[in-house]
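Quick note on labels: first sequence line is chain A, next is B, and so on, each numbered from 1. Remember, it's a predicted structure, so these values are computed and weren't measured experimentally.
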Amino acid sequence: GQQLNQSPQSMFIQEGEDVSMNCTSSSIFNTWLWYKQEPGEGPVLLIALYKAGELTSNGRLTAQFGITRKDSFLNISASIPSDVGIYFCAGLTYYGGSQGNLIFGKGTKLSVKP
Amino acid sequence: SAVISQKPSRDICQRGTSLTIQCQVDSQVTMMFWYRQQPGQSLTLIATANQGSEATYESGFVIDKFPISRPNLTFSTLTVSNMSPEDSSIYLCSVDGLAGGPTYEQYFGPGTRLTVT
């Protein structure tokens with residue numbers, strides 16, 4: 001079945017540093033979604049990407065849909081303590097109006113030192 | 001995006017018992033899903049809750065263990081039956097699309113944290 005390889009598994013950074021994480025797959029996806037999950041909460045959708053090559057920003061977050069449609073990355077600039085959490089990538093395929101399943105990466109746990 | 005609530009937010013249950021989790025959305029949505037997130041793990045789809053018909057289950061999940069109802073476009077329930085400690089997880093509902101069609105973006109509820117002793 002489809003699988004997503006998300007890296008790194010965890011990151012320990014200093015406040016103010018930039019962060020980069022990515023997801024790769026051997027499968028093609030039509031949509032890439034990036035989520036953040038904080039302890040005790042459900043995942044919150046940060047950015048949705050729909051087109052190969054698309055670059056989308058949401059505040060200090062920037063994500064790109066890879067040209068091959070098999071990968072995506074998320075960058076966080078000038079990290080702050082409230083960026084702490086687990087970031088998940090997720091890929092979705094759909095064919096002729098039928099939606100496939102949303103496949104999740106294993107997550108990147110981000111820790112920020114003030 | 002829709003506002004999604006789940007009840008209960010957490011519970012501690014004895015093995016052999018069953019728990020029904022409710023998911024309520026503040027607007028009509030096309031698709032509703034149930035996921036399981038085991039401790040420290042990623043999310044795994046249990047089933048798609050279909051309005052007015054039987055849920056569609058993923059490999060490894062069966063209706064007898066996880067019966068699902070979806071009586072209308074704003075509400076669904078997931079029951080975890082005959083629980084064992086291995087069922088201790090976070091159970092999450094998610095939704096896609098206001099009624100009329102999918103948007104290919106899923107929004108999640110806050111989750112139900114289940115501990116089975």
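If you chain together hydrophobic residues whose side chains sit under 4.5 Å apart, B:L19 and B:I63 fall into the same group. Neither A:W34 nor A:L102 shares a network with the other; the hydrophobic side chains, linked directly or stepwise wherever heavy atoms of I, L, V, M, F, W or Y lie under 4.5 Å apart, form separate groups for each. Residues A:V112 and A:M21 fall within the same hydrophobic cluster, defined by Ile, Leu, Val, Met, Phe, Trp and Tyr side chains chained together at heavy-atom separations under 4.5 Å. When the side chains of ILVMFWY residues are joined at heavy-atom separations under 4.5 Å, either directly or via intervening members, A:F29 and B:M31 end up in two distinct hydrophobic clusters. Criterion: ILVMFWY side-chain heavy atoms under 4.5 Å apart, direct or through other members. Under it, A:V84 and A:I86 are not part of a common hydrophobic cluster.
Counting non-hydrogen atoms of neighbouring residues, nucleotides and ligands closer than 6.0 angstrom, the NZ atom of A:K109 reaches no more than 12 such neighbours. More than 12 heavy atoms of other residues, nucleotides or ligands sit less than 6.0 Å from atom CG of A:L55. For B:R15, the CZ atom counts as loosely surrounded, since its 6.0 Å shell holds 12 or fewer non-hydrogen atoms of other residues, nucleotides or ligands. Counting non-hydrogen atoms of neighbouring residues, nucleotides and ligands closer than 6.0 angstrom, the NZ atom of A:K106 reaches no more than 12 such neighbours.
Counting all heavy atoms, side chain and backbone alike, B:Q37 lies closest to A:F88 at NE2-CZ, 3.7 Å. Residue B:E105 comes nearest to A:L33 through the heavy atom pair CA-CD1, 4.2 Å, listed as atom of the first residue, atom of the second, then distance. Among all heavy-atom pairs drawn from A:T31 and B:Y104, the shortest one is CG2-O, 3.7 Å. The nearest pair of heavy atoms linking A:P43 to B:L92 is CD-CD2, 4.0 Å.
Neither the backbone nor the side chain of A:Q6 has a heavy atom closer than 4.5 Å to any heavy atom of chain B.
Note that CZ of B:F108 is 5.0 Å distant from OH of A:Y35, once rounded to the nearest 0.5 Å.
When the heavy atoms of residues 40-59 of chain B are compared with those of chain A, the residues falling under 4.5 Å are B:Q41, B:S42, B:L43, B:L45, B:E58, listed by number.
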